[in-house]
Structures are given as structure tokens and as C-alpha cells.
Amino acid sequence: MGIVGNIIGGPVTGSTAKKLSENFGKIVQDKESKSINSSDISISRSTQMDYAIPASKIAALSSGEFVGMVADNPDQKIALKMFHCEIQNEHQAIAEEESTSKDISGDHSGIFRGCH
């Protein structure tokens with residue numbers, strides 16, 4: 001979902017995950033590799049541009065997880081615009097609220113008369 005510069009997405013796959021990943025852009029990633037042989041250990045460090053949130057990570061999000069980026073205003077800068085979050089439900093509080101809720105199901109056909 002994109003709203004005036006804000007981007008929020010949950011677990012999606014394929015071209016949607018790829019497009020979402022491209023919208024987040026690339027950042028500099030540090031890479032390190034080790035080579036070990038019988039007489040020496042060699043460590044190589046480098047940097048390269050890579051997607052900030054790869055499509056594979058977006059596709060592997062669990063239920064309740066989402067990624068996004070928020071827009072800011074010129075006079076109200078946001079330092080950390082990109083995020084990866086998880087919804088944390090209070091299951092006991094939800095169960096208590098549901099137990100006190102009234103059932104509103106039933107015949108409501110009279111409410112929608114004349115609708116097309």
C-alpha cells in the first residue's frame with residue numbers, strides 16, 4: 001500500500017515483492033569472506049550496493065510482520081524512515097473484550113431495502 005510517499009507491505013511474493021524491494025532502494029552493505037588453506041587464513045572485506053530489504057526477506061515475512069518506509073516533511077526530518085515491525089496482540093485482553101461483545105448477527109434485510 002502506498003499513500004503519498006508512505007509505503008507499507010506485508011508478506012508478498014513474486015513481482016510484487018520485487019517491486020516493493022526496489023521501492024525501498026539500495027544501501028551499502030559490508031561483506032566479509034574468509035579463505036582457509038593449510039598454511040594461511042585470508043580475510044577479505046568489501047562493500048557493495050544491495051537492496052535494503054530484499055524480495056526474499058519480504059516473501060518470508062511471518063503473519064503480523066510488515067515492512068515500510070515513511071515520508072517526512074522538510075521541516076520535520078525523520079532519521080529512521082525504513083522499518084520492519086511486528087504486530088503484538090494482547091491475546092488475553094482481546095479474548096476478554098470478545099467475551100463481553102454483543103452478537104449483532106441476525107436478519108438485517110430491512111436495513112438494506114432499496115439498495116442496488
Side-chain angles (χ1 to χ4, degrees):
M1 172 187 293
I3 306 169
V4 193
N6 297 323
I7 303 168
I8 300 169
V12 292
T13 59
S15 62
T16 305
K18 183 178 178 189
K19 182 68 176 163
L20 195 55
S21 179
E22 290 169 355
N23 283 336
F24 293 130
K26 292 184 175 186
I27 58 173
V28 175
Q29 300 274 348
D30 294 323
K31 304 285 181 180
E32 181 177 287
S33 63
K34 291 181 185 179
S35 297
I36 302 171
N37 62 33
S38 60
S39 63
D40 196 16
I41 296 175
S42 173
I43 299 173
S44 299
R45 292 187 179 98
S46 64
T47 59
Q48 72 182 57
M49 295 295 285
D50 208 355
Y51 287 109
I53 306 174
S56 59
K57 186 168 191 166
I58 294 169
L61 292 173
S62 296
S63 177
E65 285 186 294
F66 56 100
V67 293
M69 184 167 50
V70 294
D72 59 6
N73 295 324
D75 59 336
Q76 296 174 321
K77 299 284 185 190
I78 299 172
L80 297 173
K81 295 180 179 100
M82 213 173 306
F83 58 86
H84 174 192
C85 298
E86 180 178 356
I87 296 171
Q88 295 180 351
N89 290 323
E90 294 181 24
H91 297 285
Q92 184 175 354
I94 292 170
E96 289 172 10
E97 183 177 334
E98 287 177 346
S99 70
T100 61
S101 297
K102 293 181 181 179
D103 183 13
I104 60 169
S105 63
D107 182 19
H108 300 291
S109 58
I111 296 172
F112 300 108
R113 278 190 214 138
C115 295
H116 301 287

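We number each residue from 1, following the sequence as shown. Bear in mind the structure is a predicted one, so any value in this text is a computation, not a measurement.
The CZ atom of Arg45 lies 14.5 Å from the NZ atom of Lys31; values are rounded to the nearest 0.5 Å. To the nearest 0.5 Å, atom OG of residue Ser44 and atom NZ of residue Lys34 are 11.5 Å apart. To the nearest 0.5 angstrom, Ile53 atom CD1 is 8.0 Å from Met69 atom CE. Separation of atoms CG (Leu20) and CD (Glu22) is listed at 10.0 Å; rounding is to 0.5 Å. Note that OG of Ser56 is 10.0 Å distant from CG of Leu61, once rounded to the nearest 0.5 Å. To the nearest 0.5 Å, the span separating CD1 on Ile7 from NZ on Lys81 amounts to 12.0 Å.
In this structure a side-chain-to-backbone donor-acceptor pair under 3.5 Å is present from Asn6 to Ala71. Of the possible polar contacts, one joining the Asn37 side chain to the Ser39 backbone as a donor-acceptor pair under 3.5 Å is found. Side-chain N or O atoms of Glu65 include one that pairs as donor or acceptor with a backbone N or O of Ser62 at under 3.5 Å.
Cluster membership for Ile94 and Ile87, using ILVMFWY side-chain heavy atoms within less than 4.5 angstrom, is not shared. Hydrophobic clustering, with ILVMFWY side chains joined whenever heavy atoms are under 4.5 angstrom apart, groups Ile78 together with Phe66. Linking ILVMFWY residues whenever their side-chain heavy atoms come closer than 4.5 Å, directly or via other members, leaves Tyr51 and Ile8 in distinct clusters.
Ser21 and Ala55 get closest at one heavy-atom pair: OG-N, 3.6 Å. Of all heavy-atom pairs between Ala59 and Thr13, the closest is CB-CG2, 3.9 Å.
When the shell of 6.0 Å around CD of Gln88 is examined, it contains 12 or fewer heavy atoms from other residues, nucleotides or ligands. The environment of Ile43 atom CD1 is dense: over 12 non-hydrogen atoms of other residues, nucleotides or ligands sit within 6.0 angstrom. Within 6.0 Å of CD on Glu32 lie more than 12 heavy atoms contributed by other residues, nucleotides or ligands. Gln48 CD: more than 12 foreign heavy atoms inside a 6.0 Å radius.
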Next item on the list: Begin from the C-alpha positions of Ile27 and Met49 and carry the test side chain to side chain contact (heavy atoms under 4.5 Å, CB included) through to its verdict.
Entry: CA-CA 5 Å; Ile27 58 173; Met49 295 295 285; 5.9 Å; no
